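Numbering starts at 1 and runs along the sequence shown. Everything quoted here is computed from the prediction, not taken from an experiment.
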Amino acid sequence: MGMFTSFDINASGMSAQRYRMDIISQNIANQHTTRTEDGTPYRRKVVTFEQKADQTPFAHVLNEARDNYSGKGVKVSGVYEDTWTEMNMVYDPSNPDADENGYVTYPNVDVVTEMVNLIDASRSYEANATAFDASKSMALKGLEIGR
């Protein structure tokens, strides 16, 4: 493990969590969007992560030269629409998007859930930033030894 590997790992974690916070913000902003471009209500989006450079020890030995240039840490593997949570049906016959029974289909965005996810992403970002600062401090102390 090189000296700068910890910087790469922490930076990838911060980038991934920042992207997750952007998607959560998009969900909150669209909590009342009943009609998107395709005519359906907005669906909540969920970000998934995966490990970068997932190799077995044997593959690691065989690909050691290539492994020096591959990333470490985490990456965003995808952004998916939440199809497992039901949409919110609200009785509002005066709404232009109401069906024949007077119900409007609102997005499956729960603000409390989104805020909990936002706090989680924020804390994860802070943890990566703290680890980055600790790595930086250790590197600086190592450079001071060489004086």
Side-chain angles (χ1 to χ4, degrees), residues 1-60 62-141:
M1 182 168 167
M3 183 172 105
F4 296 108
T5 305
S6 62
F7 294 136
D8 295 339
I9 293 169
N10 295 321
S12 71
M14 288 191 297
S15 296
Q17 293 299 340
R18 183 183 47 82
Y19 186 74
R20 181 177 171 210
M21 287 188 271
D22 290 344
I23 296 298
I24 292 169
S25 300
Q26 181 181 356
N27 288 340
I28 293 172
N30 286 299
Q31 68 179 338
H32 297 294
T33 304
T34 57
R35 191 181 319 172
T36 58
E37 293 173 354
D38 61 357
T40 60
Y42 176 83
R43 280 203 171 271
R44 176 178 178 258
K45 292 181 176 43
V46 180
V47 178
T48 57
F49 302 138
E50 70 180 19
Q51 179 182 350
K52 282 185 178 179
D54 190 17
Q55 295 183 357
T56 62
F58 184 71
H60 178 71
L62 291 176
N63 297 318
E64 190 170 330
R66 186 183 66 88
D67 189 50
N68 289 333
Y69 299 104
S70 65
K72 303 270 192 272
V74 68
K75 66 179 179 179
V76 174
S77 62
V79 178
Y80 304 101
E81 287 188 348
D82 179 359
T83 56
W84 53 90
T85 305
E86 293 185 23
M87 303 296 262
N88 298 323
M89 299 296 288
V90 176
Y91 184 73
D92 185 8
S94 63
N95 191 311
D97 292 327
D99 63 8
E100 60 276 353
N101 297 325
Y103 285 94
V104 179
T105 305
Y106 279 96
N108 55 351
V109 175
D110 179 27
V111 178
V112 174
T113 302
E114 297 301 324
M115 291 305 295
V116 168
N117 290 338
L118 187 62
I119 291 168
D120 179 53
S122 175
R123 301 293 170 142
S124 296
Y125 184 93
E126 289 173 12
N128 279 298
T130 302
F132 190 92
D133 286 341
S135 297
K136 183 175 73 172
S137 175
M138 284 186 266
L140 288 173
K141 290 291 184 190

Asker: Suppose we screen for salt bridge (charged side-chain N to carboxylate O under 4.0 Å, His left out). Which residues come up paired with Arg20, at least two apart in sequence or across chains?
Answerer: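 Expected list: Asp120.
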
Asker: Kindly write out the residues that satisfy side-chain contact (heavy atoms from CB on, under 4.5 Å) with Asp22, not counting sequence neighbours, or none if the list is empty.
Answerer: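 Testing Asp22 for side-chain contact (heavy atoms from CB on, under 4.5 Å), a comparison that skips the adjacent residues, returns Arg18.
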
Asker: If the condition is salt bridge (charged side-chain N to carboxylate O under 4.0 Å, His left out), which residues does Asp92 pass it with, not counting sequence neighbours?
Answerer: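 Result, salt bridge (charged side-chain N to carboxylate O under 4.0 Å, His left out) vs Asp92: none returned.
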
Asker: Using side-chain heavy atoms (C-beta onward) and a distance below 4.5 Å, is Glu86 in contact with Asn108?
Answerer: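 They are not in side-chain contact.
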
Asker: Checking Asp8 now: which residues fulfil side-chain contact (heavy atoms from CB on, under 4.5 Å) with it, not counting sequence neighbours?
Answerer: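 Per chain and number, Asp8 pairs via side-chain contact (heavy atoms from CB on, under 4.5 Å) with no residue.
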
Asker: Which residue pairs pass the ring-ring contact (aromatic ring centres under 6.0 Å, His included) test when at least one of the two sits in residues 116-137, sequence neighbours left out?
Answerer: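 Residue pairs with at least one partner in residues 116-137: Phe7-Phe132.
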
Asker: Who passes side chain to side chain donor-acceptor pair (under 3.5 Å) against Thr105, sequence neighbours left out?
Answerer: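 If we apply the side chain to side chain donor-acceptor pair (under 3.5 Å) test to Thr105, skipping adjacent residues, there are no hits.
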
Asker: By side chain to side chain donor-acceptor pair (under 3.5 Å), which residues pair with Asn128, not counting sequence neighbours?
Answerer: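 Asn128 satisfies side chain to side chain donor-acceptor pair (under 3.5 Å) with no residue once adjacent residues are dropped.
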
Asker: Sequence neighbours left out, what passes side chain to side chain donor-acceptor pair (under 3.5 Å) with Ser25? Give chain and number order.
Answerer: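 With sequence neighbours excluded, Ser25 shows a side chain to side chain donor-acceptor pair (under 3.5 Å) to no residue whatsoever.
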
Asker: State which residues pass side chain to side chain donor-acceptor pair (under 3.5 Å) with Ser77; sequence neighbours excluded, sorted by chain then number.
Answerer: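 Once residues adjacent in sequence are excluded, the partners of Ser77 under the side chain to side chain donor-acceptor pair (under 3.5 Å) criterion are Thr48.
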
Asker: Going by salt bridge (charged side-chain N to carboxylate O under 4.0 Å, His left out), name the residues that satisfy it together with Asp97, two or more places apart in sequence or in a different chain.
Answerer: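 Residues passing salt bridge (charged side-chain N to carboxylate O under 4.0 Å, His left out) with Asp97: Arg35.
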
Asker: According to ring-ring contact (aromatic ring centres under 6.0 Å, His included), does anything in residues 11-44 pair up with another residue at least two apart or in another chain? List the pairs.
Answerer: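 Listed once each, the pairs would be none.
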
Asker: Can you list everything that forms a side-chain contact (heavy atoms from CB on, under 4.5 Å) with Val111? Sequence neighbours excluded, please.
Answerer: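 Listed in chain order: Gln31, Met115.
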
